[in-house]
Amino acid sequence: MVVAGGGLMTAPQAVLPASGDYDATFIVDVGTYNGPLDLLLTLIRDERVDIDDIPIARICEQFLRKMHELALNDAAEYLEMAARLLRIKALMLLPRHEGDEAWEDPRAELVRRLLEYQQMREVVDLLERRGEDRRNRFARSWFPTITAPPQAPLALSLAELLVAVDRVLRNVRQPGLHEVVPRALDVDGAIAIVRAVLALRAQARWRDVVRADAEPWEVLSALLALLELARRNELKLTQHQPFSDVEIRRELAGEAA
Amino acid sequence: MNSLAKLLEAALFASARPIPTDDLATLDSDASPAAVHAALEELREHYNVDGHGVELVEQGGGWQILTRPEYTEAIERAQLAARPHRLSGAALETLAIIAYRQPIGRAEIAEIRGVDVGAILKSLLERGLVEVTARGEGLGRPLLYGTTPLFLEQFALRHLEELPRVDELTIALRPQAAAAGASHLNAAEEAAAPEPAASAA
C-alpha cells in the first residue's frame with residue numbers, strides 16, 4: 001500500500017480513488033500530518049528540543065508511537081523515516097574518539113531535510129493567507145467565448161481553384177440512373193389465349209394460361225385478361241386458400257352472351 | 001475621473017481575468033504608460049475614497065476589479081457566487097515547492113516533502129495551477145513543473161518575485177541556516193550535499 005499524503009482538497013480521513021487512474025494506489029489522508037517530515041517536525045516542536053542536538057532516541061520512540069496511534073504502520077514513507085531514525089540512533093551509539101575530525105554527525109542529513117521542509121512550511125503559511133484573502137473576493141464570473149481569429153484572405157491562383165473544383169466534382173457520387181424500357185402489355189393476346197384454353201375444357205389452372213418461363217409482361221397481361229374476362233362473366237375465378245392454385249372455370253352465362 | 005480612467009474601468013469590468021498593464025495600454029494608443037498608470041491609480045482611489053462594494057486590485061500579473069471581502073458572506077449565502085475550494089495542506093506544500101524551485105521534477109518534490117506527490121501533481125495540473133514547463137536532463141528526461149498565471153491569480157500575487165526570498169524567511173528552528181541558504185531553498189541542499197555519512201546505506 002502506498003500513502004500519497006492526502007488528496008488535493010481538505011478531504012475526509014480516507015479518500016477512495018474516484019477513478020481507475022490510481023489503480024491499486026490507496027490514498028490515505030492522514031488528516032493531521034502531511035507526511036513523515038511534518039510529523040517529525042511537530043514532535044520536535046512539541047518536545048521543545050534543539051534541532052542541532054536532537055535527542056534521537058527519544059524522538060524515534062515518539063515517532064514510532066505516533067505511527068502506531070495513527071495506524072500508519074503500513075505507510076511506506078513513514079516506515080522509511082522510522083528506519084532512518086533507527087539507523088541514526090544506532091550510529092549515534094557507536095563509540096568515537098575525542099576530537100575526531102572525520103566524524104560527521106549522522107543527524108546532519110535529517111536536520112538539513114527538516115530545515116528545508118520548515119522553510120517550505122513557512123511559504124505554505126504565506127500562500128494560505130494570500131489564498132484565503134483571494135478566496136474571499138469575487139471577480140466577474142463571465143468568461144468570454146473565444147471567437148475564432150478572422151480568416152486571412154485567400155491567396156490562390158485560378159489554376160489552383162480549378163483543380164480544387166475538379167477534385168470536389170470528382171468525389172460527387174453519380175446518381176444511379178436507370179433506363180426504363182416501356183413494354184406494352186398484350187391483354188388482348190392473353191384474352192385470346194384464355195378463351196382458346198377454355199374452348200377446349202370447361203376448367204383450367206393458372207399454369208395452363210401462363211407459361212412457366214413467362215416474362216413479367218406476359219404474367220401481367222394474363223392476370224389482366226383473367227380479371228377482364230371475369231368482369232365480363234365469361235369465366236369464374238376461385239382460390240380456396242391463400243397462395244393455392246387459382247381455378248379458372250368457364251361460365252355458361254358468358255358463353256351465352 | 002478622466003476619460004482614460006473610465007475606458008480602463010469599462011475594460012476591467014468586461015474582463016473576468018486580470019488584465020496586464022501592457023494590454024490596458026493598447027486600449028488607447030495615444031496614452032503613455034505613465035498616463036495609464038496614473039489613470040489606474042485614479043480608478044483605485046476612486047473606489048477606495050468614494051466607498052464602493054468593489055475595489056481595483058493589482059494581482060495575478062495584471063489588474064482586476066474584485067468584490068470587497070466584507071460582502072463575501074452575504075453573496076455566498078444568497079448563492080450568487082461560490083468561493084473556490086480551499087487547497088489541502090499537502091497541495092499547498094507541493095505548490096510552495098514548485099513556486100520556489102521551478103522547473104522541478106516530481107522526484108525532487110517528493111524528496112523535500114517526504115511523500116509521493118503523483119496524485120497531487122495530477123490534481124494541480126487539472127486545476128491549472130501548475131504546468132509542465134520543461135524536461136529534465138536526467139534519466140528518462142523527467143517532466144519539470146512550473147506555476148501558471150492562474151496560480152498568481154488565486155494566491156493574490158502580482159508576480160513570483162513577490163514571494164519572500166529564502167533568506168527573508170524566518171527559519172524558526174535554526175536562524176544560521178538562512179546565511180547558508182542565501183538564494184533559494186536548494187542552496188541549503190547544495191551546502192549539505194557532500195555528506196556521505198548519513199546517506200550511505
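The chains referred to below are lettered A, B, ... by the order of the sequence lines, with proteins before strands, and numbering in each begins at 1.
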Quiz question: by atom type and distance under 3.5 Å, do the side chains of B:Y100 and A:Q119 form a donor-acceptor pair?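 Note: B:Y100 and A:Q119 side chains miss the donor-acceptor criterion.
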Can A:N136 and B:R83 be counted as having a side-chain donor-acceptor contact under 3.5 angstrom?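 Checked: A:N136/B:R83 side chains pair up, N/O donor to acceptor below 3.5 Å.
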Non-hydrogen atoms of chain A under 4.5 Å away: do they reach the side chain of B:P164, the backbone, both or neither?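 Side chain only.
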Spell out the residues in residues 69-80 of chain B that have some non-hydrogen atom less than 4.5 Å away from a non-hydrogen atom of chain A, in order of number; otherwise answer 'none'.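 Interface residues of residues 69-80 of chain B: B:P69, B:T72, B:I75.
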Under 4.5 Å, counting heavy-atom pairs only, tell me which of B:L157, B:L163, B:L12, B:V57 racks up the most with chain A.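 Sorted descending by pairs with chain A, the first entry is B:L157.
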Pairs of heavy atoms under 4.5 Å with chain B: top-ranked of A:E132, A:M81, A:R129: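 When all of A:E132, A:M81, A:R129 are compared, A:E132 has the most.
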A:E122 vs B:R165, salt bridge (Lys or Arg N to Asp or Glu O under 4.0 Å): CA-CA, chis, key distance, verdict: CA-CA 11 Å; A:E122 213 171 307; B:R165 293 207 316 277; over 6 Å; no
Against chain B, label [X] side chain, backbone, both or neither, depending on which of its atoms sit under 4.5 Å from a heavy atom there.
X: A:L126; result: side chain
X: A:R121; result: side chain
X: A:E80; result: neither

Sub-3.5 Å donor-acceptor pair from the side chain of [X] to the main-chain atoms of [Y], do we have one?
X: B:T67; Y: A:F138; answer: yes
X: B:E93; Y: A:V124; answer: no
X: A:R135; Y: B:P84; answer: yes

When you look at CD of A:E61, are more than 12 heavy atoms from neighbouring residues, nucleotides or ligands closer to it than 6.0 Å?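 Open: at most 12 neighbouring heavy atoms sit under 6.0 Å from CD of A:E61.
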I'd like to know if B:E162 and A:R130 make a salt bridge, using a cut-off of under 4.0 Å between side-chain N and carboxylate O.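 The answer is yes: the pair qualifies as a salt bridge.
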In plain terms, say whether A:E128 and B:R86 are close enough for a salt bridge, that is, a side-chain N and a carboxylate O under 4.0 Å apart.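 B:R86 and A:E128: not salt-bridged.
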Validation row: B:I65, A:R140 side chains within 4.5 angstrom (heavy atoms):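 Result no, sub-4.5 Å side-chain heavy-atom pair not found.
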Under a 4.5 Å cut-off applied to non-hydrogen side-chain atoms, are B:D116 and A:E77 in contact?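 Heavy-atom side-chain distance check passes, below 4.5 Å.
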Ignoring hydrogens, what is the shortest heavy-atom contact between [X] and [Y]? Give both atom names and the distance.
X: B:A90; Y: A:N34; answer: N-OD1, 3.5 Å
X: A:A139; Y: B:A16; answer: CB-O, 4.0 Å
X: B:A96; Y: A:V123; answer: CB-CG1, 3.7 Å

Would A:R134 count as a cation-pi partner of B:F155, with NZ or CZ less than 6.0 Å from the six-membered ring centre and within 45° of the ring normal?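 Not flagged: A:R134 not positioned over aromatic ring of B:F155.
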